[in-house]
*Asks:* 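Input: one structure, supplied below.
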Amino acid sequence: MMIWGCRLLAPRLTTAVYPSFIKGYARCIYQYDASNELLCGNNLTAPSISYWNKLLKEHTRVNQMQSAQKLFDEMPDRDAVSWNTMLAGFSNFKQTDKVYQYYQMSFQCGLRPTAFTISIVITSVLGTKFNVLIPQLHAYVVSSPLSALSVYVGSALLRGYTDIGDVSALGRVFDEIRVKDVSSWNALVFGYMTLGLQSEALRAFKSMPDKNIISWTTLVDAYVKNKDIKRARDIFDQMVERNVVSWTVMISGYAQNGKFLDAMELFLIMLRTAHQVRPNSCTYSSMFDACADESSFIVGMQLHSRVIKSGLAQDDVILSTSILDMYAKCGNIDSAYKLFESMAKKNLVSWNSLLGGYARHGLGTRALQEFKRMKENGIKPDQVTLLTLLSACTHEGLVEEGVQLYESMGTEFGIEIGMKHYACMVNLYGKAGQLEKAVKVIQEMPFKPDVVVWGALLGACGSHSSLQLGELAALGISNLKKDHPAIYSLLSKIHGEKGTWTTVCELRKLMNDRGARKQNAGSWVESIA
DNA sequence: ATAGGGTTAG
């Protein structure tokens with residue numbers, strides 16, 4: 001049984017290919033055979049290229065890209081489908097550079113892209129720096145035998161131009177599509193909406209010959225992304241049928257815009273009225289996001305029990321992490337930790353969420369401990385990790401540890417230091433009263449300081465009563481944002497502490513004259529009760 | 001045999 005596949009293929013392969021084939025693929029073919037009839041009943045006939053392509057597809061499907069590459073190299077012949085299968089595999093698993101590399105290789109091998117090739121390549125460059133290639137790919141298609149756009153290439157191109165923000169290209173591409181279908185229309189509406197042309201989008205939406213659930217959901221989502229929740233809900237209410245995605249888009253729209261109660265209400269309406277629709281992991285994830293935002297621990301816990309019963313989180317890193325994040329943000333760091341420990345799979349985001357929980361709870365030392373464990377587990381930190389750790393150090397006054405992390409960012413972890421990291425360092429030094437060092441960070445950073453950076457310094461000068469540096473920070477802020485109320489409050493606080501009351505009065509008067517008003521303070525505890 | 005359009009975590 002074990003040698004099933006090998007026995008079948010062995011006589012048909014050249015001696016050069018045979019040994020490495022056996023070594024590399026015997027196991028895969030056996031597994032493939034177990035779940036598929038492909039190799040059965042096909043006694044001793046030479047495997048056709050379409051057989052090889054199916055095998056190749058099977059490897060790419062389960063993200064066995066390395067063995068897929070090996071198989072691709074060693075199979076007796078490759079046609080356009082083989083190349084496209086490889087491209088699609090790389091594309092599905094976000095290996096854009098590989099897509100580009102194989103695309104170029106296919107040219108060198110004398111192949112010309114098919115419509116399949118073009119749509120795969122376009123899709124794979126979306127959201128990457130390779131998206132500059134989109135107009136070139138378009139130009140290639142137009143000048144090739146493919147010139148009239150198929151629906152596939154057409155919708156892919158529409159997504160592409162949306163991605164690079166070229167509004168004027170949308171209409172042009174749409175006209176070039178030979179036979180437009182719902183998908184092409186949907187891509188057009190999505191493009192207009194995403195690029196902020198609401199009326200164009202609506203016009204296109206209304207002139208669509210057919211609309212499906214996706215068309216409606218696209219529009220709802222687009223309004224959500226433009227933060228126009230009312231209109232989103234309006235469209236949502238007009239839908240004649242809705243599926244999980246439609247509900248989830250609307251619910252996550254409320255969640256992302258801080259409307260916890262609306263999200264909750266809609267979630268309940270879904271459970272009560274849409275009996276054929278079951279919440280999936282995206283739906284729950286959005287709800288946990290809303291709970292975390294509102295610190296709604298009780299609801300979060302109830303939703304967690306629903307998830308446990310559903311078994312959805314069993315194997316889902318994203319969902320589990322959103323629950324973990326909910327616990328951490330609702331102030332229950334112990335539950336967050338327990339959940340983290342129970343997770344079968346963890347990724348960088350899960351670790352960041354846990355570290356963020358410790359940071360928020362002021363447990364800097366604990367955060368650093370977990371960070372050590374994270375590195376021991378072979379997880380590489382990113383900018384978010386470092387930002388979280390720096391803020392954790394700030395809360396507990398761990399200046400030395402923070403500085404050490406900051407200095408190792410580029411050298412040890414290869415992470416670019418961003419504006420937020422500098423702001424964190426200013427905060428770290430500032431809170432610890434080392435104001436000169438805080439200023440030094442500002443002077444040496446490669447960006448023009450923003451309001452957050454100056455604000456960190458100003459705040460520190462407030463708590464450590466440094467007038468001179470406080471004025472420097474205030475000047476920095478007012479250069480960026482005139483009459484920011486924090487300037488007046490902090491400066492008069494410092495002056496008050498120094499006893500220069502005349503200046504305090506002058507500042508108050510100046511503030512009144514300019515109409516700068518102190519920002520309203522509110523109790524965070526009250527708002528969740 | 002290979003492709004396009006709507007949702008999710010820090």
Side-chain angles (χ1 to χ4, degrees), chain A residues 38 48-58 60-61 79-89 91-92 113-124 126 149-160 162 177 180-191 193 212-222 224-225 242-253 255-256 279-289 292 312-313 316-326 328-329 347-357 359 381-385 387-388:
Chain A
L38 256 179
S48 67
I49 189 144
S50 91
Y51 162 75
W52 284 102
N53 286 338
K54 276 186 179 171
L55 195 55
L56 195 59
K57 165 74 182 161
E58 200 54 26
T60 63
R61 195 178 62 81
D79 64 1
V81 177
S82 334
W83 283 96
N84 291 339
T85 304
M86 285 308 285
L87 289 172
S91 173
N92 286 335
T114 65
F116 282 83
T117 320
I118 299 291
S119 49
I120 296 167
V121 175
I122 293 174
T123 309
S124 75
L126 294 177
L149 297 184
S150 73
V151 271
Y152 286 100
V153 175
S155 352
L157 270 177
L158 286 169
R159 286 283 282 122
T162 306
I177 302 175
K180 302 147 180 61
D181 69 357
V182 203
S183 298
S184 354
W185 280 98
N186 288 344
L188 182 71
V189 173
F190 176 82
M193 259 330 230
N212 56 16
I213 291 196
I214 297 182
S215 327
W216 286 92
T217 311
T218 304
L219 198 64
V220 174
D221 180 48
V224 165
K225 293 224 169 83
R242 309 179 186 94
N243 60 16
V244 213
V245 182
S246 336
W247 286 96
T248 304
V249 166
M250 197 60 237
I251 289 170
S252 80
Q256 284 162 28
N280 63 14
S281 46
C282 300
T283 324
Y284 280 115
S285 215
S286 308
M287 285 305 297
F288 287 119
D289 193 24
L312 278 170
D316 189 328
V317 197
I318 297 181
L319 181 55
S320 306
T321 302
S322 70
I323 302 172
L324 150 67
D325 196 51
M326 180 274 296
K329 283 185 177 154
N347 64 15
L348 175 60
V349 183
S350 330
W351 282 95
N352 282 348
S353 230
L354 181 72
L355 295 178
D382 68 352
Q383 320 90 281
V384 180
T385 320
L387 200 58
T388 305

*Asks:* Going by the rule side chain to side chain donor-acceptor pair (under 3.5 Å), which residues pair with A:Thr114 if we only count those two or more places apart in sequence or in a different chain?
*Replies:*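 Scan of A:Thr114 (side chain to side chain donor-acceptor pair (under 3.5 Å), adjacent residues dropped) gives A:Asn84, A:Thr117.
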*Asks:* Sequence neighbours excluded, which residues qualify as side chain to side chain donor-acceptor pair (under 3.5 Å) partners of A:Ser119?
*Replies:*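 By the side chain to side chain donor-acceptor pair (under 3.5 Å) rule, A:Ser119 matches no residue at all.
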*Asks:* Contact class for A:Asp79 (heavy atom, under 4.0 Å): base, sugar-phosphate, or nothing?
*Replies:*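 If one applies the 4.0 Å heavy-atom cut-off, A:Asp79 turns out to touch a base.
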*Asks:* Across the strands shown, which category fits A:Val81 at heavy-atom distances under 4.0 angstrom: base, sugar-phosphate, nothing?
*Replies:* base
*Asks:* Across the strands shown, which category fits A:Leu157 at heavy-atom distances under 4.0 angstrom: base, sugar-phosphate, nothing?
*Replies:*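 Nothing: the residue A:Leu157, judged by heavy atoms under 4.0 Å, touches no strand.
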*Asks:* Give A:Ile120 one of three labels, base, sugar-phosphate or nothing, depending on what nucleic acid heavy atoms sit under 4.0 Å from its own.
*Replies:* sugar-phosphate
*Asks:* Name the nucleic acid region contacted by A:Asp221, choosing base, sugar-phosphate or nothing; use a 4.0 angstrom heavy-atom cut-off, strictly under.
*Replies:*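 The residue A:Asp221 makes sugar-phosphate contact but no base contact.
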*Asks:* First and last nucleotide of DNA chain B in contact with chain A, 5' to 3', at under 4.0 Å to a heavy atom: what are they?
*Replies:*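 Listed 5' to 3', the contact boundaries are B:dA1 to B:dG10.
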*Asks:* Check side chain to side chain donor-acceptor pair (under 3.5 Å) between A:Asp382 and all other residues, then give those that pass, not counting sequence neighbours.
*Replies:* A:Asn352, A:Thr385
*Asks:* Using a cut-off of 4.0 Å on non-hydrogen atoms, how would the nucleic acid contact of A:Ser281 be classed: base, sugar-phosphate, or nothing?
*Replies:*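 Contact class for A:Ser281: none.
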*Asks:* Starting at CD1 of A:Ile251, measure out to OG of A:Ser286 and round the result to the nearest 0.5 Å.
*Replies:*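 With rounding to 0.5 Å, CD1 (A:Ile251) is 7.0 Å from OG (A:Ser286).
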*Asks:* Mind checking A:Val182 for me? I need base, sugar-phosphate or nothing, with any heavy atom below 4.0 Å counting as a touch.
*Replies:* base
*Asks:* How is A:Gln256 classified with respect to the nucleic acid when contacts are heavy atoms under 4.0 Å: base, sugar-phosphate, or nothing?
*Replies:*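 Sugar-phosphate: the residue A:Gln256, judged by heavy atoms under 4.0 Å, touches backbone atoms but no base.
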*Asks:* Could you check whether A:Ser184 gets within reach of a base, just the sugar-phosphate, or nothing at all, counting any heavy atom under 4.0 Å?
*Replies:* base
*Asks:* List the residues meeting side chain to side chain donor-acceptor pair (under 3.5 Å) with A:Ser150, not counting sequence neighbours, and say none if there are none.
*Replies:* none
*Asks:* If you look at every strand shown and take non-hydrogen atoms under 4.0 Å, does A:Asp316 touch a base, only sugar-phosphate, or nothing?
*Replies:* nothing
*Asks:* Any chance you could measure A:Ser215, atom OG, to A:Trp185, atom CH2, to the nearest 0.5 Å?
*Replies:* 11.0 Å
*Asks:* If you look at every strand shown and take non-hydrogen atoms under 4.0 Å, does A:Ile213 touch a base, only sugar-phosphate, or nothing?
*Replies:*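 Base, at least one base heavy atom under 4.0 Å.
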*Asks:* Under the side chain to side chain contact (heavy atoms under 4.5 Å, CB included) test, which residues partner A:Ser184, sequence neighbours left out?
*Replies:*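 Expected list: A:Val151, A:Phe174, A:Ile177, A:Lys180, A:Asp181.
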*Asks:* With sugar-phosphate meaning primed atoms plus P, OP1 and OP2, does A:Lys225 contact a base, only sugar-phosphate, or nothing at under 4.0 Å between heavy atoms?
*Replies:*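 Sugar-phosphate, backbone atoms only, no base.
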